[in-house]
Amino acid sequence: MIKERFLLATERIKEIEKEEMLQEPYRSYFQRVAAFLTLTVQTYDFIEKGMIYQASLEELQERNGKLYADILPPNYENSNANPAYAVKQYGEEFGRIFSFLYTELRSLVVYAHEKRMDMMVIRMELFLEVYSAFLTAKQEEGIPAYEEVRQILYWFVSDYAKEAAEEKISSLVNPDKDFAVKLVMDYKLEDIRYLYYYGEYVTENEVATARHLLAQAPETLRLMADTYTEGYRKGFETTGKDISKKKTVNIRYCLGFEPMIRQAVLNFQKIGLQPIIYRASVTILEGKSVSRVGYYGAIPNKQYDYDHKDDLALVLDKQLITRRLEALQAAYEKYKAEAVLLGGPAVVEIFGELPSSPAVKAEALHFSDKQQKLVVDYTTAAGEIQNRYIPGEERSFTIIAFPIPEIGKRFGDIFNETIRINTLDYNLYQQIQETLINALDQGEYVLVKGMGANRTDLKIQLAELSDPEKETKFENCVADVNIPVGEVFTSPRLAGTEGVLHVTRVFLNELEYKDILLTVKEGMITDYSCSNFAAEEENRKYIKDNVLHHHDSLPMGEFAIGTNTTAYVVGKKYDIADRFPILIAEKTGPHFAFGDTCYSHAEDVVIYNPDGKEIIARDNEVSLLRKSDLARAYYNCHTDITIPYDELGELSVVTGAGEVIVIIKAGRFVLAGCDELNKPFD
């Protein structure tokens with residue numbers, strides 16, 4: 001039945017390419033989109049017949065380029081995916097609808113490569129239904145009402161909520177979904193053509209990354225993979241969780257890292273874990289966003305991603321939220337046996353992309369205040385559903401990062417330096433950080449002040465110890481869940497935590513922030529600004545959307561001191577500090593995370609530092625609300641903001657007796673026993 005629908009839709013779409021029944025400018029829109037859909041059908045046939053495996057590298061590159069050409073920066077100004085262009089061409093209402101529709105239809109590129117005819121046909125039929133509405137209205141010498149067309153899109157999102165939820169959860173927990181696993185494990189990776197089998201956009205970055213890894217000595221690849229998988233195993237061990245209860249692991253990476261990932265899969269299999277490798281979402285039905293979660297290729301155009309981050313605003317209402325939550329609950333229930341066996345994600349991040357600060361377009365869809373509240377409610381409820389089936393107290397994770405060639409001509413040197421950073425002496429840092437923690441545990445609160453242009457002036461209230469011989473406030477974080485080594489962190493008390501956090505320039509989730517300034521009272525953000533845009537209103541919206549994640553405020557969920565001065569110096573030496581991912585950047589100075597604590601949904605799990613002391617600062621006043629009002633206890637976000645050493649004037653801890661213990665002064669560690677951390681500076 002699916003095949004019959006597919007053939008019928010294909011035939012009709014080919015007719016639309018040449019059909020001239022509609023008036024302009026609508027005729028041009030439907031003809032252009034029909035031509036794109038025909039291209040994806042041809043791609044499906046090309047793959048279904050096995051021709052993709054006989055094609056030359058040059059042909060695969062050409063085909064890949066055609067599929068993504070329309071949204072690449074040189075062509076984006078005149079693309080139907082660009083809401084500014086669409087609104088100019090078709091008017092405010094239909095422009096946004098057409099841009100929304102075309103963006104959803106672009107998901108056919110990857111579905112064609114996965115040979116998912118079912119996923120293709122429902123979107124092809126959506127296109128035909130919208131076209132039919134215009135055709136019917138034309139017979140009456142008019143155009144359809146905006147609400148009529150919007151309702152078509154609304155019911156598409158609503159009607160397929162159940163199928164989309166099942167698809168998403170199955171991809172998350174079911175090892176039988178092995179499209180990417182087969183690519184990693186079964187294909188000859190020396191034949192670089194394999195990169196084009198995914199359906200993701202491929203650039204010289206991915207090709208050069210793969211070739212660089214393939215050129216590494218086998219022991220280097222093993223070192224990279226061993227650091228990654230051993231960090232995952234240690235994450236379970238150090239938090240007292242039983243990894244033997246788990247049977248699967250989510251592996252996330254960017255294309256080009258397959259030589260390392262293949263070795264990692266073998267490592268995981270040795271400890272009894274099957275790989276689950278799923279694609280970052282490409283459809284509004286499964287929650288596509290600016291941040292990619294899963295495997296992915298090159299990002300064709302960050303402005304395109306940013307323009308469509310709030311596309312759900314076209315259809316979002318309370319009824320849809322209810323429908324999606326019901327579908328999510330049903331999907332987890334269907335796969336509950338698989339869900340409980342999932343150990344959590346093992347992530348390979350990349351860094352080195354050219355910095356970007358996307359424009360905020362009035363023509364793009366944006367959530368209303370009411371819709372923002374619905375998004376927050378959905379995120380909270382969805383997080384609770386997930387935690388019931390994949391309990392936080394039983395899962396763990398690990399994250400490691402490597403550069404890509406876009407970082408510059410010294411890519412090879414930077415890559416080698418990154419391997420060195422990721423494999424620093426675990427035991428040495430453990431001892432130094434224990435010295436730091438012993439000093440911090442004496443304190444009632446910590447003072448952090450910026451220097452130079454940095455205006456930070458913060459007081460961070462610490463938890464109280466009942467038994468200092470057996471308890472500690474800070475976790476000694478070495479190379480397990482967060483690779484590389486290099487931080488001690490705590491969940492601050494909100495009451496008494498106050499002041500101003502300022503960083504002159506920082507990148508958070510691939511977005512640049514200039515002069516970001518957050519005001520904190522009683523541990524909660526009360527005001528915020530940056531200087532990215534001329535209009536203060538745009539600056540505030542930028543932060544609320546991307547740092548506060550649509551919340552009116554967030555608590556300070558984490559205070560940490562990064563100790564990886566080696567990483568800091570590498571950043572300065574190669575002038576790449578602005579390219580570091582937060583994973584490395586957070587180790588290059590004190591940092592503050594806003595949102596949930598690091599122990600979100602696992603606060604009741606008793607954990608210890610290597611010295612045997614229990615880490616007691618796992619909660620704050622907000623997370624404790626889970627005992628009385630679960631919906632108010634979690635924000636389901638956690639964004640780290642780091643003050644680099646060269647902007648740090650002083651970090652000191654103040655005891656109950658008023659004694660001031662200075663830890664960092666003018667960007668250097670001055671606490672006795674921490675001299676080793678200053679050596680990279682010299």
Between Q329 and Y389, a side-chain donor and acceptor under 3.5 Å: yes

Carboxylate-amine/guanidinium contact R63 E58, below 4.0 Å: no

F134/F94 aromatic ring centres below 6.0 Å: yes

Under the side chain to side chain donor-acceptor pair (under 3.5 Å) test, residues paired with K302 that sit two or more places apart: none

Exam field: side chain N205 to backbone E406, donor-acceptor pair closer than 3.5 Å: yes

Nearest-0.5 Å distance that lies between atom CD in Q54 and atom CG in L60: 10.5 Å

Counterpart residues, ring-ring contact (aromatic ring centres under 6.0 Å, His included), relative to Y154 (two or more places apart): none

Summary of salt bridge (charged side-chain N to carboxylate O under 4.0 Å, His left out) pairs that have at least one residue in residues 371-385, sequence neighbours excluded: K373-D377

Flag for T38-E17: side-chain donor and acceptor within less than 3.5 Å: yes

Nearest atoms (heavy-atom pairs only) where R323 meets A161: CG-CB, 3.8 Å

Donor-acceptor side-chain pairing of K309 and N546 below 3.5 angstrom: no

Salt bridge (charged side-chain N to carboxylate O under 4.0 Å, His left out) pairs, two or more places apart, involving residues 40-49: none

Partners meeting side chain to side chain donor-acceptor pair (under 3.5 Å) with D305 (sequence neighbours left out): R292

Between Y102 and Y29, ring centroids under 6.0 Å: no

Pair R579 + E353, salt bridge at N-O below 4.0 Å: no

Near-ring test Y26/F30, centroid separation under 6.0 angstrom: no

Distance (rounded to the nearest 0.5 Å) between R106 CZ and D70 CG: 6.0 Å

Any pair counted as salt bridge (charged side-chain N to carboxylate O under 4.0 Å, His left out), so long as it reaches residues 1-13, sequence neighbours left out: R5-E125, R12-E15, R12-E19

Residues that F100 engages under ring-ring contact (aromatic ring centres under 6.0 Å, His included), provided they are two or more places apart: none

Trace of the side chain to side chain contact (heavy atoms under 4.5 Å, CB included) decision for Y513 with V547: CA-CA 10 Å; Y513 297 81; V547 178; 3.6 Å; yes

Residues K541, E538; criterion salt bridge (Lys or Arg N to Asp or Glu O under 4.0 Å); working and verdict: CA-CA 5 Å; K541 177 172 174 52; E538 288 188 17; over 6 Å; no

Derivation and outcome, salt bridge (Lys or Arg N to Asp or Glu O under 4.0 Å), residues R388 and E333: CA-CA 10 Å; R388 286 201 296 272; E333 186 63 25; over 6 Å; no

Polar contact flag, side-chain donor to acceptor under 3.5 angstrom, N174-Y278: no

For the student: nearest non-hydrogen atoms of E536 and C530, plus distance: OE1-O, 4.1 Å

Spacing of I192 atom CD1 and E206 atom CD [to the nearest 0.5 Å]: 10.5 Å

Donor-acceptor pair, side chain of N539 and main chain of N532, under 3.5 angstrom: yes

Stepwise ring pair (Phe, Tyr, Trp, His ring centres under 6.0 Å) check, Y296 with Y198: CA-CA 9 Å; Y296 60 96; Y198 286 97; over 10 Å; no

Residue pairs, two or more places apart or on separate chains, that pass ring pair (Phe, Tyr, Trp, His ring centres under 6.0 Å) and touch residues 356-386: F367-H550

Residues N80 and Y90: side-chain donor-acceptor under 3.5 angstrom: yes

Test side chain to side chain donor-acceptor pair (under 3.5 Å) applied to D118 - qualifying residues, sequence neighbours left out: R116

Donor-acceptor side-chain pairing of E104 and T283 below 3.5 angstrom: yes

Minimum-distance pair of heavy atoms, taken over all atoms of A34 and I16: CB-CG2, 4.0 Å

Residue pairs fulfilling salt bridge (charged side-chain N to carboxylate O under 4.0 Å, His left out) with at least one residue in residues 128-154, sequence neighbours excluded: E147-R150

Sole residue of L316, I97, V315, D311 in side-chain contact (heavy atoms from CB on, under 4.5 Å) with L365: D311

Residues in side chain to side chain donor-acceptor pair (under 3.5 Å) contact with T379, at least two apart in sequence or another chain: none

R540 with D527: basic N within carboxylate O range, under 4.0 Å: yes

Aromatic ring pairing Y253/Y295, orientation class (parallel under 30°, perpendicular over 60°, tilted between): parallel

Cationic N near anionic O, under 4.0 Å, D552 to K544: yes

R27 and E24 ion-paired at < 4.0 Å: yes

Partner set under ring-ring contact (aromatic ring centres under 6.0 Å, His included) for F507, not counting sequence neighbours: none

Centroid-centroid distance, Y187 to Y194, less than 6.0 Å: no

Geometric class of the H601/Y634 ring pair [parallel <30°, tilted 30-60°, perpendicular >60°]: parallel

Ionic contact status for E326 with K162, cut-off 4.0 Å: no

Where I516 and I641 come nearest, the two heavy atoms and their spacing: CD1-CD1, 4.3 Å

Aromatic ring proximity, centroids under 6.0 angstrom, Y542 and F533: yes

